[in-house]
Amino acid sequence: MQYWLFKTEPHCFGIEDLKKAKNQTTSWDGVRNYQARNFMKAMKCGDLGFFYHSGKNPEIIGVVEIVKEAYPDHFAWDMFNEHFDAKSTPEKPLWFMVDVKLAEEFKEPLSRKRLSAELALADMELMKKGSRLSVQPVSKEHFDYIMKIALHK
DNA sequence: GCCAACGTTGGC
DNA sequence: GCCAACGTTGGC
């Protein structure tokens, strides 16, 4: 069992969109970064990930569960999709996505400010300056630590 | 709005 | 294969 973090701009696809989605499940498509893609390929059903809003009010607002392991991101084949990439084809898919389902919405979101006050999280990928990875692994220690804060509130 | 960090592109 | 230029991300 591994832990992850999914970043998203709330006005693009936020927790409200996920809540409204069928079965509160969505495909995590549109990732066009090799490192992030490789992390998605490593995900297993049942793995958990934080749902993070970037932007004006950065915060972790919940937890999602991987419910479908990596499969080709067909949006990359659609010329009219904003994430179209001619290098990817149905025969040789380059980009992949997973399906995630809302597992838990925190009663109170954990703001980045709140998280950065925690020394124990200083070496977390998310908290590193200049970290732009939209899909990233989270250690069990960091995951548990953050869950403890979230549930304690 | 600013700017640092990072990934990608393309000339050589 | 190097690296400068450029575009994007994302916190502040």
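This structure is a prediction, so every number in the text was calculated from the model and none was measured. Heavy-atom basis, side chains included; hydrogens, waters and symmetry copies ignored. Convention: sequence-line order gives letters A, B, ...; per-chain numbering from 1.
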Separation of [X] atom [atom1] from [N] atom [atom2], in whole Å?
X      : N      : atom1 : atom2 : answer
A:Y52  : C:dG10 : OH    : P     : 8 Å
A:E59  : C:dC12 : CD    : C1'   : 16 Å
A:M124 : C:dG11 : CE    : P     : 12 Å

With sequence neighbours left out, which residue pairs that include part of residues 118-133 of chain A fulfil the side chain to side chain donor-acceptor pair (under 3.5 Å) condition?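 Found A:R114-A:E118, A:E118-A:Y145, A:D123-A:H142, A:E125-A:S131.
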What pairs with A:D17 under salt bridge (Lys or Arg N to Asp or Glu O under 4.0 Å), at least two apart in sequence or on another chain?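 Residues passing salt bridge (Lys or Arg N to Asp or Glu O under 4.0 Å) with A:D17: none at all.
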Would you please name every residue forming a salt bridge (Lys or Arg N to Asp or Glu O under 4.0 Å) with A:E105, sequence neighbours left out?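 Expected list: A:K19.
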Using the 3.5 Å cut-off, write out each protein N or O paired with an N or O of nucleotides 4-9 of chain C and the distance between them.
residue : atom : partner : partner atom : Å
C:dT8   : O2   : A:R132  : NH1          : 2.5

For A:I66, which fellow cluster members are found when Ile, Leu, Val, Met, Phe, Trp and Tyr are connected by side-chain heavy-atom distances below 4.5 angstrom, either directly or through intermediates?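 Besides A:I66, the hydrophobic cluster comprises A:W4, A:F6, A:F13, A:I15, A:L18, A:W28, A:V31, A:F39, A:M40, A:M43, A:F51, A:I61, A:V64, A:V98, A:V100, A:L102, A:L133, A:V135, listed by chain and residue number.
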I'd like to check the side chain to side chain donor-acceptor pair (under 3.5 Å) partners of A:T8; sequence neighbours left out, ordered by chain and number.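 For A:T8, no residue satisfies side chain to side chain donor-acceptor pair (under 3.5 Å) once neighbours in sequence are set aside.
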